[in-house]
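Everything numeric here is computed off the predicted structure, so don't read it as measured data. Ligands are counted one by one from 1 in listed order, and the atoms in each one are counted from 1 as well.
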Amino acid sequence: LNSQPSPEESLDPQDWDAFRDLAHHMLDDMLDYQQQVRERLVWQPVPAEVKAFLKRPLPQQPQSHQQVYQDFVENVLPYPMGNIHPRFWGWVMGNGTPFAAMAELLAATMNPNMGGGDHGANYVEIQVVDWLKEMFRYPAEASGLLVSGASMANLVGLTVARNTLAGYDIRQKGLRAGQRQMVLYASQEVHSCVHKAAELLGLGREALRLIPVKQNFEMDLAALERAIAADRADGFQPFCVVGTAGTVNTGALDDLQGIAEICEREGLWFHVDGAIGAVAILAPEVRGCVEGLQRSDSMALDLHKWMYMPFEAGCVLVRSEPAHRNAFSLTPEYLAHAERGLAAGNLWFSDYGLQLTRGFRALKVWMSLKEHGVQKFGRMIRQNMAQAQYLKQQVEASPRLEVMAPVPLNIVCFRYNPGGMDEQMLNRLNQELLIRLHESGIAVPSSTTLHDCYCLRAAITNHRSRREDFEILVQACERLGGEVVAEWLGKAALTR
Ligand SMILES: *Cc1c(COP(=O)(O)O)cnc(C)c1O
């Protein structure tokens, strides 16, 4: 036994036994935290003293593991975003699962770099991408990549579209070498990340033609065809149509079959933003609503939304593997791929996206898909859609609440309307109602504005929600809405 202390330092624990005790304790705390989530408030404001604690200077000297963990338990853990709670329906966010949280621990422990190379983790991601191709009925020779989320997935897909259809070597020459200005199309309801992608691709926001929507918020395809024809006549170069499978505002579904046909006829790239709705393909009763998805040239999807996985987990699929690789592959000497050894492996994910160093997000996806099987995910998605209809019915049945948009998927937009108020007043009333709802910690929907009407918006991608949770939401809206009105009118008689 070497009793001489080593002159070198490392960052491993000095006392493994004490660390092991603490680590077990941390794990137990986190399991309790997940198991008991329903008993806590969804959200509570971060107190001033906690904000102050989180503004301290850079630590120069070590603190004990125990102390650092305690700081977390006291100052961070009690103030969650709330998205793991059964009554969180804000924006579009998944909950994560206990098993996937364990997968994150395993992935962080192995800590591989997923840029490429011949190691186990790389084959896990290849397997996951293959499974996702199967799930979305893409051909086996298609390619794909796990990314941070649908924003990145859309950017990657649209980059491939732009580079493939430019008609010249845009990577070498840049946009300036183009004869005509490239333009693409999406509905007015398209997610903001597609606007950002158009900016980042150097096309500019004006190149993203926003096509009007019909009454149900899906893209008006006649208007799309007119816009394409007008752009061609004016000397622009149309190259892509982005269809949305589940818009962020209302869950509206563009007619993907119709867009696929237009793209085929016009020689355009068909990209689908399926961040919310693509996974509806797993629920046999409703998969018809995303029919046409499998005809796209590329698609973006999110696993951290309606597949309930922990952040971050998104995926891009590209039908043509060569087109995908040609858009991103750039292999300098120091990244040379070998025939044998660790630098082998025929698939380097860094050849298919922006990131070189990448984390092992594939593990939680692989473990979750194995844990439940896709049929279970299909049932959860169907359950959320049934809950959306249930909430819609509850809102319709309430004399003071009203539904503000069709509910084709899992998003319900509604508002409190006691009658006798103008639109401006109703907007203010509902803004105040939403804030009080958040502050109450009872439930967290978010908001949107449809045709100038401010609405509360519940996006149900929550595997923990039960029917009674929606009844609690409706009751809370009635009560808090009534309180606001009573305060405004200065008489309590209006509260129920
Ligand atoms: C959330 C969302 C995005 C962006 O996805 P991130 O995972 O947040 O990057 C894109 N499109 C739609 C329709 C979305 O709902």
Any nitrogen or oxygen of [X], side chain or backbone, less than 3.5 Å from one on ligand 1?
X      : value
Ser148 : no
Asp302 : yes
Asp273 : yes

Check ligand 1 against [X] and write out every atom of the ligand that is under 4.0 Å from a heavy-atom position of the residue.
X      : value
Lys305 : 1 (C), 2 (C), 3 (C), 4 (C), 5 (O), 14 (C), 15 (O)
Gly149 : 7 (O), 9 (O)
Ser151 : 4 (C), 5 (O), 6 (P), 9 (O)
Gly246 : 13 (C)
Ile276 : 15 (O)
Cys193 : 10 (C)

TODO: Report yes or no: does Met152 have a heavy atom closer than 4.0 Å to ligand 1?
DONE: no

Task: Proximity to ligand 1 by part of Ala150, non-hydrogen separation under 4.0 Å - done: both

- [ ] Could you label the plane-to-plane angle of the Trp366 and Trp131 rings as parallel, tilted or perpendicular, counting under 30° as parallel and over 60° as perpendicular?
- [x] parallel

- [ ] State, with a plain yes or no, whether a side-chain heavy atom of Met307 is found less than 4.5 Å away from one of Met135.
- [x] yes

Task: Main-chain N/O of His304 paired to Asp302 side chain as donor or acceptor, under 3.5 Å - done: no

Open item on the list: One thing to verify: whether Arg287 and Glu291 come together as a salt bridge, which I'm taking to mean a side-chain N less than 4.0 angstrom from a carboxylate O.
Closed with: no

TODO: Determine which pairs satisfy ring-ring contact (aromatic ring centres under 6.0 Å, His included) with at least one residue from residues 260-282, sequence neighbours left out, and list them in order.
DONE: none

Open item on the list: When you measure from the centre of the six-membered ring of Tyr308, is the NZ or CZ of Arg464 closer than 6.0 Å and no more than 45° off the axis?
Closed with: no

Open item on the list: Which residues pass the salt bridge (Lys or Arg N to Asp or Glu O under 4.0 Å) test with Glu264, not counting sequence neighbours?
Closed with: Arg295

Task: Closest to atom 12 (C) of ligand 1 among Gly251, Gly94, Ala275 (heavy-atom distance) - done: Ala275

Task: Ser187 and its side chain to side chain contact (heavy atoms under 4.5 Å, CB included) partner, picked from Asp220, Val213, Leu210 - done: Val213

